[in-house]
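Please read the structure below before turning to the comments.
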Amino acid sequence: MTRLGDNRSCHRAPQLHPAAGHVADHAAALATARTPSDVLAALAATEVACREAREWVAVDLVLNDGWSYAEVGRAMGTTRQAASKAYADPVNARMRRSVMGRDVAVVIVPCGVAKLDRPAPAGQMYTGSYHRACRRAADRLGGRLVILSARHGLLTPDTVIEPYELRMGQPGAVTASTLRAQARRMGIDVAGTVTVLAGRDYADPVSAVWPHAHRPLDGTRGMPEQMAVLAELARATTTPVVTDPRLTAPLPEGRAA
């Protein structure tokens with residue numbers, strides 16, 4: 001599989017790029033580091049991102065392109081046994097998650113400008129009327145509640161964060177590749193149903209991760225129309241948001257991503 005066309009994964013490089021994009025995000029942080037502690041932190045984050053990217057690409061190739069562990073090992077300069085030991089468990093885990101994920105529903109709401117002035121769980125941090133309207137609609141829609149923060153990315157409501165001033169699209173805002181990495185880490189990248197209650201600045205990055213995401217606020221013109229749609233959704237009779245602790249565990253780091 002060394003020639004172009006030997007394997008269809010040669011034509012999937014753009015689809016594999018987001019994993020590398022996550023590495024590039026951290027590499028950019030390394031390039032702008034100004035103190036020794038910033039350099040060390042950026043290097044550590046880059047090493048973690050590289051390890052995760054290797055795993056994601058290897059698992060994709062095994063599951064989606066039919067690569068054997070011998071082929072994975074050869075590409076990485078190691079043995080079949082080493083590749084199998086490294087990636088058999090992640091492959092099996094992805095297969096289980098893919099089957100289970102068909103029935104998983106996720107509802108994503110945006111952060112907000114109005115915030116508490118102290119560290120708090122993300123579910124309590126945002127105090128503005130727009131965010132609260134999104135939350136009421138999400139409660140009615142049902143599914144796993146995830147908050148999209150311009151600074152921190154995908155957050156569970158119990159993830160503790162500090163106040164910040166940043167909006168999606170501004171310099172320093174979280175990127176789609178980072179959101180994709182977080183979604184995989186949270187186990188929701190294979191969610192069968194995804195709804196994003198947000199305007200385009202927030203909904204477009206979500207759609208980059210989940211192309212099938214439902215966007216009820218598309219077509220609205222301005223805040224009043226969005227608030228009206230959210231109010232209508234909040235009045236609907238549906239299942240309340242999922243509260244199973246297995247579906248609301250914080251990110252592995254224990255704080256914001």
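Numbering starts at 1 and runs along the sequence shown. Quantities reported herein were computed from a predicted structural model and do not represent experimental measurements. Worth knowing before you read on, the calculation uses all heavy atoms, side chains too, and leaves out hydrogens, waters and symmetry mates.
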Verify side-chain contact (heavy atoms from CB on, under 4.5 Å) between L217 and L230, making sure each step is shown before the conclusion.
CA-CA 8 Å; L217 299 186; L230 292 170; 4.2 Å; yes
Taking distance alone, no hydrogens or angles, what donor-acceptor pairs closer than 3.5 Å link side-chain atoms of residues 113-123 to residues at least two apart or in another chain?
unit_1: K115; atom_1: NZ; unit_2: G112; atom_2: O; d: 2.8
unit_1: K115; atom_1: NZ; unit_2: V113; atom_2: O; d: 3.2
unit_1: K115; atom_1: NZ; unit_2: Y164; atom_2: O; d: 3.1

Suppose we screen for side-chain contact (heavy atoms from CB on, under 4.5 Å). Which residues come up paired with Q81, at least two apart in sequence or across chains?
T79
Side-chain heavy-atom pair M168, V174 within 4.5 angstrom cut-off:
yes
Side chains of Y130 and Q226, heavy atoms from C-beta outward: is any pair under 4.5 Å?
yes
Among side-chain atoms of R80 and S68, is any donor-acceptor pair under 3.5 angstrom?
no
Side-chain heavy atoms of L197 within contact of P216, under 4.5 Å:
yes
For R136, the side chain to side chain donor-acceptor pair (under 3.5 Å) test, sequence neighbours excluded, returns none
Applying the side chain to side chain donor-acceptor pair (under 3.5 Å) test to S207, which of H214, H212, R215, R200 qualifies?
R215
Compare all side-chain heavy atoms of V106 with those of L145 and state whether any distance is below 4.5 angstrom.
no
For A41, side-chain contact (heavy atoms from CB on, under 4.5 Å) partners two or more places apart
none
Please find the pair of heavy atoms, one from D189 and one from W210, that lie closest to each other, and give the distance.
O-NE1, 3.5 Å
Going by ring-ring contact (aromatic ring centres under 6.0 Å, His included), name the residues that satisfy it together with Y126, two or more places apart in sequence or in a different chain.
H131
Hits for side chain to side chain donor-acceptor pair (under 3.5 Å) against E55, two or more places apart or cross-chain, chain-then-number order -> none
E225: side chain to side chain donor-acceptor pair (under 3.5 Å) partners, not counting sequence neighbours
R221
For the residue pair T35 / D38, report whether a side-chain donor-acceptor contact shorter than 3.5 Å exists.
yes
Which residues, ordered by chain and number, are linked to L43 in its hydrophobic cluster, where ILVMFWY side chains connect at heavy-atom gaps below 4.5 Å, directly or through other members?
L30, V39
Applying side-chain contact (heavy atoms from CB on, under 4.5 Å) to D89 and not counting sequence neighbours gives none
With side chains defined as the heavy atoms from C-beta onward, is the minimum distance between R185 and E52 less than 4.5 Å?
yes
Given the options I108, L155, T159, V146 meets side chain to side chain contact (heavy atoms under 4.5 Å, CB included) only with I108
Please identify each residue that fulfils side chain to side chain donor-acceptor pair (under 3.5 Å) with T195, with sequence neighbours left out.
none
Do T156 and I147 come close enough that some side-chain heavy atom pair is under 4.5 Å?
no
Residues 170-196 vs ring pair (Phe, Tyr, Trp, His ring centres under 6.0 Å), sequence neighbours excluded, gives none
Close side-chain approach of E165 to R151, heavy-atom, < 4.5 Å:
no
Considering residues at least two apart in sequence or located in another chain, which fulfil the side-chain contact (heavy atoms from CB on, under 4.5 Å) criterion with R54?
C50, R51, M76, Y87
Closest non-hydrogen atoms of V59 and P90, given as atom of the first, atom of the second and distance, are CG2-CB, 3.8 Å
On a heavy-atom basis, which atom in A138 and which in V107 lie closest, and how many Å separate them?
CB-CG1, 3.6 Å
